[in-house]
S.K.: 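Please find one structure pasted underneath; my questions will follow.
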Amino acid sequence: MKFFVDTADIADIRSLAETGLLDGVTTNPTLIAKSGRKILDVIAEICAVVPGPVSAEVAATDYDGIMREAKVLRAIAANVTIKVPLTPDGLRACKALSSDGAMVNVTLCFSAAQALLAAKAGATFISPFVGRLDDIGYDGMELISDIVQIYDNYPALTTEVLVASVRNPMHVIAAAKIGAHVATLPPAVLRSLYAHPLTDKGLATFMADWAKTGQTIA
Ligand code: G3P
C-alpha cells in the first residue's frame with residue numbers, strides 16, 4: 001500500500017519524508033488555505049521534497065477554467081497530479097488531461113457509480129472520502145470495498161484507489177485488507193501507526209537489561 005500524506009504543511013512533509021515511508025502528497029483548497037501560502041509556491045516546495053505524486057487541486061469548476069489552471073499547475077513540476085472534482089466538467093477535464101499524459105486525481109468521490117465514471121475518464125487516482133461518509137452514518141469502508149471489487153473486474157482499468165478523508169489507523173488497516181492501492185493520511189494519523197504500548201515497554205526492558213551488561217557495541 002502506498003502512503004501519501006494529506007497536508008500542505010511543508011514542515012510536516014519534510015519530517016515525514018525523512019522516514020523513507022512517504023510515497024506522495026495530497027492537498028486541497030482547505031489545506032492550501034490552512035498553510036497560509038501561495039499555492040504555486042507551496043506546491044513547488046512540496047514537489048522538490050517528495051518525488052512521488054503531489055496532488056494540487058484546481059479552484060475552477062468549469063471545463064475551460066479547469067484546463068487553464070491545470071496548465072499552470074502542471075508547469076510547476078513533473079510530479080504534480082492535477083486534482084479535479086467529480087463533476088461532469090471535472091471528468092471531462094480528467095479525460096482530456098489524462099489523454100495528454102497528465103496524472104489526475106479525481107476527488108470528492110462518495111459512490112461506486114462516481115468511481116466507475118472516474119476510471120472510464122482515465123483517472124490516475126480516485127479519492128473516495130471515507131471519513132466524511134462515516135461522519136454522516138454511512139460505512140465509508142464499504143464504499144472502498146465496492147470500488148476495489150468493481151475495478152478488479154476490469155483489468156484494463158488502471159485507476160488506483162486512493163483512500164482519502166482518513167480519520168484513524170483502523171481506516172488504514174481496513175483499506176489495506178481490502179487491497180486499496182493508496183491511503184492519504186493526515187500527519188498525525190501517519191505518525192500514530194508506529195505507536196504500541198508493548199513496543200515501548202519491551203524496548204525499555206531491553207535497554208534496562210542491556211545497561212546491566214556494561215557492554216557497548218563498537
Ligand atoms: O484531501 C482530501 C481528503 O483527504 C480530505 O478529507 O475529510 O479530512 O477533509 P477531510
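Just so you know, ligand 1 is whichever comes first in the structure, and atom 1 is the first atom listed for that ligand. Values reported hereafter were calculated over all heavy atoms of this structure, with side chains retained and with hydrogens, waters and symmetry mates removed.
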S.K.: For a quick check: using heavy atoms under 4.0 Å, what are the residues in contact with ligand 1, sorted by chain and number?
M.R.: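 Those residues closer than 4.0 Å to ligand 1 by some heavy atom are Asp6, Asn28, Lys83, Phe129, Arg132, Ala164, Ser165, Arg167.
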S.K.: Does any N or O in the side chain of Ser98 come within less than 3.5 Å of the main-chain N or O of Thr124, such that one atom is a donor and the other an acceptor?
M.R.: no
S.K.: Which residues satisfy the side chain to side chain donor-acceptor pair (under 3.5 Å) test with Arg167, sequence neighbours excluded?
M.R.: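 With sequence neighbours excluded, Arg167 shows a side chain to side chain donor-acceptor pair (under 3.5 Å) to Asp135, Ser165, given in chain and number order.
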S.K.: How far apart are the C-alpha atoms of His181 and Val148, what are their side-chain angles, what is the distance that settles it, and do they pass the side-chain contact (heavy atoms from CB on, under 4.5 Å) test?
M.R.: CA-CA 9 Å; His181 305 87; Val148 169; 5.7 Å; no
S.K.: Would the number of heavy atoms belonging to other residues, nucleotides or ligands and lying under 6.0 Å from CE of Met170 be above 12?
M.R.: no
S.K.: Under a 3.5 Å threshold, yes or no: a donor from one side chain and an acceptor from the other, between Thr81 and Asn105?
M.R.: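 Their side chains do not contain a donor-acceptor pair, so the 3.5 Å distance test is not met.
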S.K.: For the residue pair Ile82 and Val58, what are the closest heavy atoms and their distance?
M.R.: CG2-CG1, 4.0 Å
